[in-house]
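Note sheet for the following structure.
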Amino acid sequence: MEMNQSARVAGRTPKVGLAVAVGMSAGFGVGEAKAQTAQTTDTTESEPSIALPTLKVKGQQDEGVAAGNTNSTILGISRMPTSVRDTPQSITVIPQEIIKEQRAYTLDQALANVPGITLSTGEGNGGLNGDQFRIRGLQARGDMYTDGLKDFGTYTRDMFNTESVQVIKGPSGEYFGAGNVGGIINQSLKHAHAGDSYSYDQAFGNASLYRGNADVNYQINDDIALRINGMYNRSGVPGRELIESNRYGTAVDLGVGLRSKTSWHLNWQWMHSDNVPDYGVPMLLMGDGIYRPITSHGLNRNTSYVRSFDRDNSDIHNLTSSLKSEITPWFTLTNDTRLTKYEREYTATTPNACSTAACVSQFMAGGNPALSYGAGGGAAYNQKGWGAQNVLMGNFHFHTGSVKHEIKAGIDVNYEDDDRYYGTWYNRVANQTIRNPTHSSGGGYVTFPKSGYRNADATDVGLFFSDRIQLTKQLTLFGTARWDHFNSTYVGGDGQQRQSQSADRWSPSGSIVYSPVKMASLYFTFSRSYKPTGTDVSSMVTLSGNTGETPSNSKDFKPQRSDLFEFGSKADFFHKRLGATLAFFQISENNSFYYDANGDMVTGFADQGSGRRVRGVEVSLTGKITKNWNIYGTYSYMDGKVTHSATAKGNEAPQVSHNNFSVWSSFDLQDYVLNPGWGQLKVAGGAQYASGYWAGPDVTNTARIPYTFSLNGMVSWEVKHYRVSFNANNLTDHLNYASAFSSSRVVPAPGRSFIGNVGLTF
């Protein structure tokens, strides 16, 4: 990772080695490599800011990191291989430079760079907004991680304390345990590092955007540093009325043992949100029998059915400890621990489809029919939960004859508990119309009585073991296995019998990696994951006890099973400055939850009662094409089919877009238009596209979402300690859709937006 230090700081701490400094900025406490002392570098007073060479944490130079080649990204998850290059599976990385250039403030904005990611909107009685992603069409709402540990809770995740984002695609149960049938999303947190640095950014934009972000790192002595991040964000949504996205947060990371073989990071992060949720607009039943977004057929895109009592207020606290100790040259011990406290109060108005003949004909004639409501008019609940996780692992390096082994083994214990009180509405009147909805609550309000109490919890104890066997310089075998004992319980209220379900499963993975030349490798991987009932504790669809989302004493809900077959290649060019990947994959998900006495599958509410088979190909190109020209491009083609369904077998899998691409390219003009000493002038731009797809989670293929296209641009100028930039997103103001829920509703994405930013670093 790159790290800028002032000459003053470099002079004050001359003993800090380059390898250690760079290792700290990459989050040494959770990294994979060893810190070694390097030679002191010379600094000059004429340069107020210097850029240290890009190094691997082991002290060897890796030009790929500085160039933006994501193959060189250090994952920082101890139980996984060290880097993207070393992992025989598709991983898409959004690096810090892309996050900064695009001014991506939330996780969903950053993930717009990842092909194959779609969003689910809130679902049903007690449905949830917040980050609910699907990877290759498969649900990943409970598969959110930071630094390789569970990120408990369903909320809008901000990027203020994020170094990079990794999307590990395909079943990953061998690393992460129960769940992960489509993959996982991991945010790497910012950690304390060697050297002092101070940074502040202030952004303004349309839709009343006002955002401040501060990042301070202070090196207390050679072995201890403290890093503090803070964020303030208030904004609306361009092209949407009455929707608000307000967040405040802070994060503190204490790094101890910066130059020691034993290092420890203690990280606390708090984020508060005060939002107005968007449940979108109705779907419209067209003459061909297909539901389509009503805003694509005459309704103004800014129409919102939000009422004055709608709110999404949350507080999330995370305390994370990361300990790493090199006991001997051949054995390293790591222990990662997280405690999470999660609170949320949520009310939302839920529009339903315009599907009756009277509604459709009146709307198409320019009339203003009454709005139909879903989920009884809308969800309301008060939620409080907590979670704890500890991962203890040993990493062994040794030889058996000429064969080199790297063994990782450990235990992963995770517990989550969620209390929820469903709301009772008073004086709420269903008096909105489709074209001119009213914002007034009409005196309506909500309470959260004890009678609405429900509780769910889940415990996962996993034992994992992996062996990376290097037979020759060209041939490596990689095998991983994890055994999980998972148990979930649920109770629907005071005096009710608690329901329980358990599952014991192995999640295996095996890979063959062949490297015919030093800078390229071919691999074949098989992996399998299981997702038992009750894994998504904080984001279960209904918590009603009537579906496969919650455990039951009287039903045998078998875990979902997901199998991945992947063949691919990873290659580097121009001394690792440019990286390329190619992968062919197939994921087969068996979603067999429950069969009745006749042997017929009971479908339940959401994903249950059907399977998926998704095949496709992915390619990427990231890094430097020339000294001044950077490229970040990804493309995927996916073909998804519904399987294991008596009524929908052979249908296209929902929320699977056939063609997806994202490209972002930047060019540094300083050598062409600026005199020496006038700083760096950069222009950048790109586009994001996803072809149309069938809305889900149902598999009937009756609701169609149009294609998504966004054209974006950026210009920035940095000189000495100062910087200024201007971003324009969705320049064509194309009507895109962020998420959908079957044939009921769809959420329009932001329209054209502009962001101006000024910043200071020293």
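Please read these numbers as outputs of a predicted model, since none were measured by experiment.
- Both tests hold for Arg211 against Tyr105: distance to the six-membered ring centre under 6.0 Å, angle to the ring axis within 45°.
- We find that Asp563 and Arg561 are joined by a salt bridge, their nearest charged nitrogen and carboxylate oxygen being less than 4.0 Å apart.
- Two rings, from Trp386 and Tyr415, have their centers less than 6.0 Å apart.
- Between Asp108 and Arg157, none of the side-chain N atoms (NZ, or NE/NH1/NH2) sits under 4.0 Å from a carboxylate O, so this pair counts as no salt bridge.
- Ion pair Asp158/Arg247 flagged as a salt bridge, since at least one NZ, NE, NH1 or NH2 atom sits closer than 4.0 Å to an Asp/Glu carboxylate oxygen.
- You'll find the side chain of Leu75 reaches within 4.5 Å of the side chain of Ile91, heavy atoms only.
- Between atom CZ of residue Arg79 and atom CZ of residue Phe176 there is a gap of 5.0 Å, rounded to the nearest 0.5 Å.
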Would you check, one step at a time, whether the test salt bridge (Lys or Arg N to Asp or Glu O under 4.0 Å) holds for Glu406 with Lys404? CA-CA 7 Å; Glu406 180 183 3; Lys404 181 180 179 181; over 6 Å; no
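- A cation-pi arrangement, defined by a distance under 6.0 Å to the six-membered ring centre and an angle within 45 degrees of its axis, is absent between Arg482 and Phe464.
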Applying side chain to side chain donor-acceptor pair (under 3.5 Å) to Asn318 and Thr340, what does each step give before you reach the verdict? CA-CA 5 Å; Asn318 286 317; Thr340 301; 2.7 Å; yes
Could you please spell out the steps behind the side chain to side chain donor-acceptor pair (under 3.5 Å) verdict for Ser273 and Ser314? CA-CA 5 Å; Ser273 65; Ser314 64; 2.5 Å; yes
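- No option in Asp253, Thr320, Thr146 other than Asp253 meets the side chain to side chain donor-acceptor pair (under 3.5 Å) test with Asn267.
- The side chain to side chain donor-acceptor pair (under 3.5 Å) search around Gln166 returns Ser164, Asn186, Ser188, not counting sequence neighbours.
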Between Asn455 and Arg498, is a side chain to side chain donor-acceptor pair (under 3.5 Å) present by the stated rule, with each step listed? CA-CA 9 Å; Asn455 171 267; Arg498 182 169 289 272; 3.1 Å; yes
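- A cation-pi geometry, defined here as NZ or CZ lying under 6.0 Å from the six-membered ring centre and within 45° of its normal, holds between Arg420 and Tyr381.
- Rounded to the nearest 0.5 Å, atoms CG (Leu564) and CD (Gln89) are 5.5 Å apart.
- The CH2 atom of Trp264 lies 13.0 Å from the CG atom of Leu258; values are rounded to the nearest 0.5 Å.
- Note: Tyr232 and Tyr248 have tilted aromatic rings, judged against thresholds of 30 and 60 degrees for the angle between ring planes.
- In this structure, Arg528 is not positioned above the aromatic face of Phe526 in the sense of NZ or CZ being under 6.0 Å from the six-membered ring centre and within 45° of the axis.
- Arg103 and Asp201 are joined by a salt bridge, as a carboxylate oxygen and a charged side-chain nitrogen come within less than 4.0 angstrom of each other.
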Side chain to side chain donor-acceptor pair (under 3.5 Å), that's the test. Do Ser502 and Asn487 meet it? Break it down for me. CA-CA 4 Å; Ser502 296; Asn487 182 77; 2.5 Å; yes
